[in-house]
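Hydrogens, waters and symmetry mates play no part in the numbers below; they use all other heavy atoms, side chains included. Note that this is a predicted model, so its numbers are computed, not measured. Start at 1 and go down the list; that is how both ligands and their atoms are numbered.
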Amino acid sequence: MGKGYYISKHLATAAMVLAAIALVTIIALSVVYNREKSKNAAKFTNATTSPVTPTPKTSNEPWDKYRLPDTLSPEYYNVTLWPRLVKNVNGMYIFTGISGVMFTCVKKTDLILIHSNKLNLTLFKGHHAKLMGQSGVTAPAIKTTWFQTEKQYLVIQLEGKLKPGKSYWLYTEFTGELADDLEGFYRSEYMEDGEKKIIAITQMQATYARKAFPCFDEPGMKAVFHITLIHDLETTALSNSQEIKNVIIDETAVTRTIFGPTKKMSTYLVAFVVSDFKYIITVYENYLFGLSKVRIWARKKAIEDGQGDYALKITQPILEFFEKYYNTSYPLSKSDQIALPDFNSGAMENWGLVTYRETALLYDPRTSANGNKQRIATVVSHELAHMWFGNLVTLKWWNDLWLNEGFASYVEYLGADYAEPNWNMKDQTILYDLQRAFAVDSLTSSHPLSQKKEEVNTPSEISEMFNTISYSKGAAVLKMLSEFLTEPVFAKGLGNYLKQFAFGSSVHSDLWDHLQKAVDQTPGVKLPYSVHEIMNRWILQMGFPVITVDTRTGNVSQKHFLLEPDAVVDRKSEYNYEWFVPIKWMKKHQVQDQLWLLQKSALHKPMKVSKNEWVLANLHVSGYFRVNYDLGNWERLLSQLKSDHQVIPVVNRAQILDDAFNLARASIINITLALRTTKYLLHEREYIPWEAALRNLNYFFQLFDRSEVYGAMQAYLKKQVKPLFEYFGIISSNWTTVASGHTDQFTQIIALSLACSTGVEGCRELTRSWFKKWMQNPHNNTIHPNLRSTVYCDAIAAGGTEEWNFGWQMFQKATVAAEAVKLRSALACTKVPWLLNRYLEYTMNPEKIRKQDATSTIGYIASNIIGQPLAWDFVRANWDYFFKLYGTGSFTFSRLISDVTYRFCTPFELSQLKRFQKDNAETGFGSGTQALQQAIEKTTAKIKWLAENKEPVLQWFLSESA
Ligand SMILES: *[C@@H]1O[C@H](CO)[C@@H](O)[C@H](O)[C@H]1NC(C)=O
Ligand SMILES: *[C@@H]1O[C@H](CO)[C@@H](O)[C@H](O)[C@H]1NC(C)=O
Ligand SMILES: *[C@@H]1O[C@H](CO)[C@@H](O)[C@H](O)[C@H]1NC(C)=O
Ligand SMILES: *[C@@H]1O[C@H](CO)[C@@H](O)[C@H](O)[C@H]1NC(C)=O
Ligand SMILES: [Zn+2]
């Protein structure tokens with residue numbers, strides 16, 4: 001799946017910082033998750049698995065286990081589905097289906113367990129299925145069939161045994177609801193030309209295929225799918241493989257679209273769509289299949305507007321890039337990508353039919369920002385990377401999800417970089433993966449990348465794996481691996497791994513085996529230990545080290561980095577929280593040989609330097625660790641930044657800022673030292689360091705915007721950002737154009753939003769006059785798309801009901817999804833409490849705010865200083881509603897919890913949080929369980945830190961802003 005809820009990367013930062021005079025925070029920062037279930041596991045079991053049925057204790061029956069037994073193995077399915085896009089007599093939208101699965105008996109058994117959830121199965125002679133033997137084998141008679149609803153099984157008990165090596169055909173007929181619940185086979189509605197349209201679409205990952213047809217719904221249970229869809233004549237049906245036949249069924253005015261057999265694949269990658277969408281197409285030369293089709297599908301209007309053109313343009317280069325990178329041709333004969341009006345995650349890599357949120361696929365040059373364009377390039381690249389890694393070769397079980405998602409999250413930058421070589425994509429991983437992962441992985445409530453398979457069972461536990469650790473830490477750790485192996489070796493091992501396991505499934509150590517072989521076959525690449533031994537330390541224990549370089553002696557040491565210095569780590573590690581650390585580094589002007597730190601501490605003489613030199617470790621931030629130095633070296637780095645910051649690589653400037661702030665938060669260095677790293681920003685013009693600075697300062701705003709520190713901090717920042725604002729004023733001809741460089745355009749947004757929020761003269765006048773002009777002439781929005789988030793937010797924050805209502809009207813009229821998101825987030829910037837409360841109410845009304853957008857809208861409101869307490873009350877008051885809707889499955893749920901508690905930093909808020917945990921223990925927290933524990937841990941840490949640091953921070957800002 002794509003990084004669903006990460007929202008638009010740039011949009012979030014810029015818009016929300018501006019969120020007014022009272023600098024409101026950015027939201028995309030601290031995505032918090034935690035996997036420490038041990039303490040509360042028991043408590044939540046009841047609610048997470050099924051709100052109604054308690055878990056039966058100590059049953060050893062196969063149907064009481066979440067994992068399928070290894071007795072049967074599917075070969076192929078024949079599935080015919082007929083979604084009805086009009087209500088039936090009971091006022092319900094339904095689909096009907098018939099499905100058969102051919103399976104082989106592997107071990108003798110008189111029991112068939114097959115997943116089936118929320119389907120009403122037709123009875124045949126009192127049983128929910130028919131069973132037939134193949135090739136002359138007689139199937140045993142069915143004794144009884146029933147549903148184990150909690151484990152989501154159809155249980156079929158037989159009179160006799162199935163025979164090993166023989167195949168059987170299990171046949172079912174069923175009816176299901178085509179609900180608007182974003183799971184399984186579901187419906188989505190949208191307006192076109194004043195008319196309500198309905199489409200039928202799917203989201204199977206992780207455990208929803210069983211809601212569309214009975215199936216062995218585990219990723220390792222691969223099979224071939226023969227799919228047929230029945231639908232109205234004026235609609236088109238799509239599925240994973242190429243449509244091969246359309247048969248019109250005369251009397252009924254419906255048509256039957258038959259699709260060719262798929263490759264052998266996992267159930268979670270199955271997809272169907274029935275819609276009246278339009279498409280654009282290119283043909284792409286694929287040496288395996290000759291010509292492959294690439295099609296982009298979307299609403300008719302969006303396609304006619306050209307919104308699919310950009311995605312079509314980059315798909316082919318990205319496919320080509322991955323064919324070379326994986327040394328394996330694209331495994332299918334077509335690639336469909338479709339933009340859906342209602343979609344819970346960012347995108348889903350269904351094999352051959354990738355589904356996207358509209359904002360992740362559609363680009364309108366007239367109204368979309370360059371950040372929107374970048375998001376499309378990275379999401380498309382991410383999903384296409386899965387066509388091989390994840391789809392062709394699939395991890396056996398969800399405990400290894402990190403490898404699937406971490407991998408795609410890493411190589412998405414490589415694919416996007418190939419399609420857009422001038423965007424500096426590779427450097428951006430440090431912001432969007434490494435630093436984001438650090439934020440979560442420095443808590444004691446973090447968890448190792450790789451879980452034991454026994455620890456991941458229930459649908460909620462599986463959903464919870466879709467988290468920052470899996471995606472972002474996975475990406476950062478794999479990037480480190482690729483860098484210390486060197487990219488050719490990494491790619492070679494990878495290619496061989498894909499060849500061996502094509503159309504099958506694997507576990508993470510299979511990849512290590514192939515990488516090791518590639519190392520062994522490449523002279524010149526030497527590792528101190530095997531790939532297994534090195535990687536086990538990174539994936540089997542949580543967290544990461546802070547490396548301390550003492551340049552007075554050359555001593556290098558490592559320590560588990562924890563944000564809360566006194567925290568007790570309950571989780572044991574067989575490696576004692578020590579890592580094998582590859583350290584690339586440089587001295588002033590001179591790149592040095594990589595060194596390996598293999599113990600707790602070691603002497604590395606070349607790191608002992610004289611008084612006019614400095615050491616910079618983790619060069620280009622290729623390693624997943626933080627760095628601390630002796631004070632003298634810190635001082636020399638600071639003076640280097642001051643005198644000529646460009647001697648230090650761009651990403652390392654961002655690293656110095658982010659490491660310093662976090663070391664200070666962990667009380668390892670003095671906070672004033674961290675604050676001093678921001679002084680050189682007067683001269684900084686690059687995006688990545690500014691963004692890193694902004695995130696850390698935002699954290700400060702969160703802590704201090706209700707206290708006396710706020711004024712002094714704002715005055716200091718105003719001073720720091722003023723030159724940047726003036727610089728962009730000049731190069732953009734007084735803000736009438738945008739910078740030409742891609743990332744410079746991001747910096748320009750930061751300049752504008754930070755300048756306006758800190759009150760740099762001339763800034764607010766500018767943004768508000770632009771918005772006013774638009775209000776006077778709603779049909780002609782002249783605000784540059786890049787700047788819209790900032791301008792909308794600022795104007796709505798400064799304005800009242802009139803501005804809000806105008807924004808709301810424009811939101812409702814928006815035909816480009818990216819534009820709608822900008823307005824939706826800006827509407828949360830108002831400071832008028834009743835408007836915020838009404839907006840919160842709207843999130844419970846899908847006519848106003850789509851279900852896919854409800855939780856993120858609440859998150860936007862919670863990041864507003866005035867909205868936060870309102871959002872918190874609102875979520876608590878409506879807990880049952882949100883839990884029922886999002887609690888057990890969707891991984892957006894944990895974001896809801898972290899968003900509404902993000903600002904918490906007082907003892908009173910902590911007690912509220914604990915109270916909330918207690919009060920709702922009955923309902924539980926489902927896939928937000930970790931997020932809640934993290935919120936408690938973070939709030940506790942903040943309270944403590946504030947007590948010690950508030951005064952020095954105040955003094956520093958006062959002295960610097962004087
Ligand atoms: C789970 O639910 C059962 C039945 O309602 C109850 O007896 C038990 O105490 C619950 N367990 C926990 C840990 O809340
Ligand atoms: C399943 O569908 C395929 C393709 O249409 C067909 O060849 C096969 O006979 C069907 N299998 C059964 C058991 O109906
Ligand atoms: C399934 O059966 C239940 C119970 O009879 C009924 O309430 C529900 O509406 C049915 N669902 C569908 C999709 O027909
Ligand atoms: C941090 O540095 C400041 C200024 O040098 C000093 O006043 C303060 O005591 C230091 N704080 C700690 C905790 O060492
Ligand atoms: Zn993914």
One thing to verify: whether Lys245 and Glu243 come together as a salt bridge, which I'm taking to mean a side-chain N less than 4.0 angstrom from a carboxylate O. no
For N/O/S atoms only: which one belongs to His382 and is nearest the Zn ion (ligand 5)? NE2
Strictly below 4.0 Å, N to O, side chains only: are Arg357 and Asp853 in salt-bridge contact? yes
Among N, O or S atoms, Glu405 approaches the Zn ion (ligand 5) most closely through OE1
In ligand 3, the atoms that come under 4.0 Å of a heavy atom of Gly176 are 13 (C)
Are the aromatic rings of Phe389 and Tyr326 close, with centres under 6.0 Å apart? no
When you measure from atom 14 (O) of ligand 3 to the protein, is at least one non-hydrogen atom found at a distance under 4.0 Å? yes
Pick one: which of Lys211, Lys851, Lys884 meets salt bridge (charged side-chain N to carboxylate O under 4.0 Å, His left out) with Asp181? Lys211
Given the protein's heavy atoms, is any one of them under 4.0 Å from atom 7 (O) of ligand 2? no
At a 4.0 Å threshold, what atoms of ligand 3 neighbour a non-hydrogen atom of Glu177? 13 (C)
Among all protein non-hydrogen atoms, which one is nearest to atom 9 (O) of ligand 3, and what is the separation to 0.1 Å? Met92 CE, 3.5 Å
Quick check: does any side chain N or O of Asn399 sit under 3.5 Å from a backbone N or O of Gln451, one acting as donor and the other as acceptor? yes
Name of the His386 atom (N/O/S only) found closest to the Zn ion (ligand 5): NE2
Closer than 2.8 Å to the Zn ion (ligand 5), do we get an N, O or S atom from Glu383, backbone or side chain? no
Among Phe501, Phe503, Trp351, Tyr268, which residue meets the side-chain contact (heavy atoms from CB on, under 4.5 Å) test with Thr394? Tyr268
Protein heavy atom at shortest distance from atom 11 (N) of ligand 3: Asn120 ND2, 2.9 Å
Ring centres under 6.0 Å, that's the criterion: do His115 and Tyr153 meet it? yes
Suppose I only count heavy atoms of Thr175 and a 4.0 Å limit; which atoms of ligand 3 are within that range? 13 (C), 14 (O)
For ligand 2, which atoms, with element, lie under 4.0 Å from some heavy atom of Trp169? 12 (C), 13 (C), 14 (O)
So CD of Glu173 and CG of Leu123: to nearest 0.5 Å the spacing works out to 11.0 Å
Salt bridge (charged side-chain N to carboxylate O under 4.0 Å, His left out), paired with Asp217, selected from Lys222, Arg210, Lys151: Arg210
List the closest protein heavy-atom neighbour of atom 3 (C) of ligand 2: residue, atom name, distance to the nearest 0.1 Å. Asn78 ND2, 3.7 Å
Residue, atom name and distance, where the atom is the protein heavy atom closest to atom 4 (C) of ligand 2: His226 ND1, 3.4 Å
Heavy-atom gap Lys118 to ligand 3 smaller than 4.0 Å: no
Ring pair (Phe, Tyr, Trp, His ring centres under 6.0 Å) assessment of Tyr77 paired with Phe213: CA-CA 10 Å; Tyr77 294 82; Phe213 59 97; 5.8 Å; yes
